[in-house]
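Right, one structure below, let's go through it.
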Amino acid sequence: MSDPLARLRDMQTADLPVHGGRTLAYVYDSGLPDVDRIGREAVAAYAGSNGLDPTAFPSLLRMENDLVGFTADLLDAPPEAVGTVTSGGTESCLLAVQGARDSRPDVERPRMVVPSTVHAAFLKAAHYFGVEAVVVPVGPDFRADAAAMIAAIDEAPDRTVLVVVSAPSYAHGVVDPVPPVAAAAAERGIRCHVDGCIGGWVLPYAARIGRVVPPWTFAVEGVTSISVDTHKYAYAPKGTSVLLHRTPAHRRPQYFAHADWPGYTMLNSTIQSTKSGGPLAGAWAVVQSLGDAGYEQLTRDVFEAVDRIVAGVDAIPELSLVATPDSTLVALVTDATCDAFTICDEMATREWYVQPQMSYDGQPPNVHLSVSAATLAHVDEFLTALTESVAAAVAAGPVGVDPGVAAFIETLDPATLSDDDFDGLLAASGLVGGGEGLSLPERMAEVNAMLDLASPAMREALLVAFLDRLARPNR
Ligand SMILES: Cc1ncc(COP(=O)(O)O)c(C=O)c1O
């Protein structure tokens, strides 16, 4: 029998690299091999430990309290603040919504007010927990429109259990105006969650090194909870985020206990019950090893990379920034001479992963970059690749969607999309492989252009059908 670890290493060569600073979405790379090694060894050492019962594994409780304490200090939390380590940003966001809902048992049809740029995790929470999401368009600078958010609260203040703002938003990397929204929420006795999942770890260090950071932490009156992901810009292994609450009373409804069954009394602080101690140990070890001084240096590095990328983009006439980044996320939009999706493909051929973002609410397709500290060493290469990719996209011309395919999509109803419809679309667009299964083309620009043409509801239905086809057992 062949060595399974060797087989894993072999299979992994098909994946995006997690090191090297060339993958500008999904992964966050400190570029420090020792820090990675410490994180991985800690994950391995605790892979079998169970965070279900802190009395059985007290070292996990100690690590969680250490990590929450470090995060609370970072985010200006008051002395009475508490928190929980979750499995990731989505779980932290889900719990913020669930906790807000369950803090108001008097409300029959709970609603929450969110800006249109809020992370999709909140729409997932709305879906899971039966909370109506009132989505408020953002302003022209892509930041939440505070006045419009407040007006939305006031349409039904008694039913509003939560207001959410981002620091920063994923798609545009800008920080919402937290103070007016949080103050309005506080005046009305409504919880205000700040989603700092992606930027929450890096923004405080950015402020410490003298960059201008809009106010967004617990220093802002009225902020009741904050989520911040350690598996993003704390450069920890995947599988942890911290959800902080201003007081223990704010956290209480998040806890779940059930004693009315014949087994152990179930007592959970998160959605998971049994949970590996590995990710928590990995995050704890990485945060201990880097400490404030390490994060300050990594923040200098990542912002130097961002500033050089911004300056480099300025020199490419076909590209512009969607918004001046408040953080480490950059969104690039193209002029009419070149196609954003083709740029993503061209970057991939040059071994850079940049993420396509579809058009939304009048904003054309664009290119997302989550810049890592490790990218700094390669910024010149990145800008060369970007310049070449733009030139190649200009030369390739616009990406057309076959009118037959476009017309076919028009006939489909996302609410009732059937397997036959999906097969028809695959056949019409030439995406069926020989034999069984799907065969994705090397270049995705045409597929992305086709998806971009579809309404969000249609895109969701198509991608769900696609995932359903991908996820089939090997037997
Ligand atoms: C602002 C924000 N919130 C929430 C999330 C969800 O985090 P995760 O992918 O860890 O579940 C993300 C992920 O990018 C994010 O950027």
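In each ligand, atom 1 is the first atom listed, and ligand 1 is the first ligand listed. In this text, all values refer to a predicted model and were calculated from it rather than measured experimentally. Because only heavy atoms are used, hydrogens play no part in the values below, and waters and symmetry mates are left out as well, while side chains stay in.
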Are a donor atom and an acceptor atom from the side chains of Asn268 and Gln272 found within less than 3.5 Å of each other?
no
For Ser92 and Ser241, does a side-chain donor sit closer than 3.5 Å to a side-chain acceptor?
yes
List in chain and number order the residues that pass salt bridge (Lys or Arg N to Asp or Glu O under 4.0 Å) with Glu304, two or more places apart in sequence or in another chain; answer none if no residue qualifies.
Arg308
Might you point out which heavy atoms bring Thr240 and Leu280 nearest each other, and give the distance in Å?
CG2-N, 3.7 Å
For the rings on Phe57 and Tyr46, is their centre-to-centre separation under 6.0 Å?
no
Check for me whether the distance between the ring centres of Phe70 and Trp284 falls short of 6.0 Å.
no
Could you pull out every N or O of ligand 1 that sits under 3.5 Å from a protein N or O, with the distance for each pair?
unit_1   : atom_1 : unit_2 : atom_2 : d
ligand 1 : 3 (N)  : Asp195 : OD1    : 3.3
ligand 1 : 3 (N)  : Asp195 : OD2    : 2.6
ligand 1 : 7 (O)  : Lys232 : NZ     : 2.9
ligand 1 : 10 (O) : Gly89  : N      : 3.0
ligand 1 : 10 (O) : His231 : NE2    : 2.8
ligand 1 : 10 (O) : Lys232 : NZ     : 2.9
ligand 1 : 11 (O) : Thr90  : N      : 2.7
ligand 1 : 11 (O) : Thr90  : OG1    : 2.5

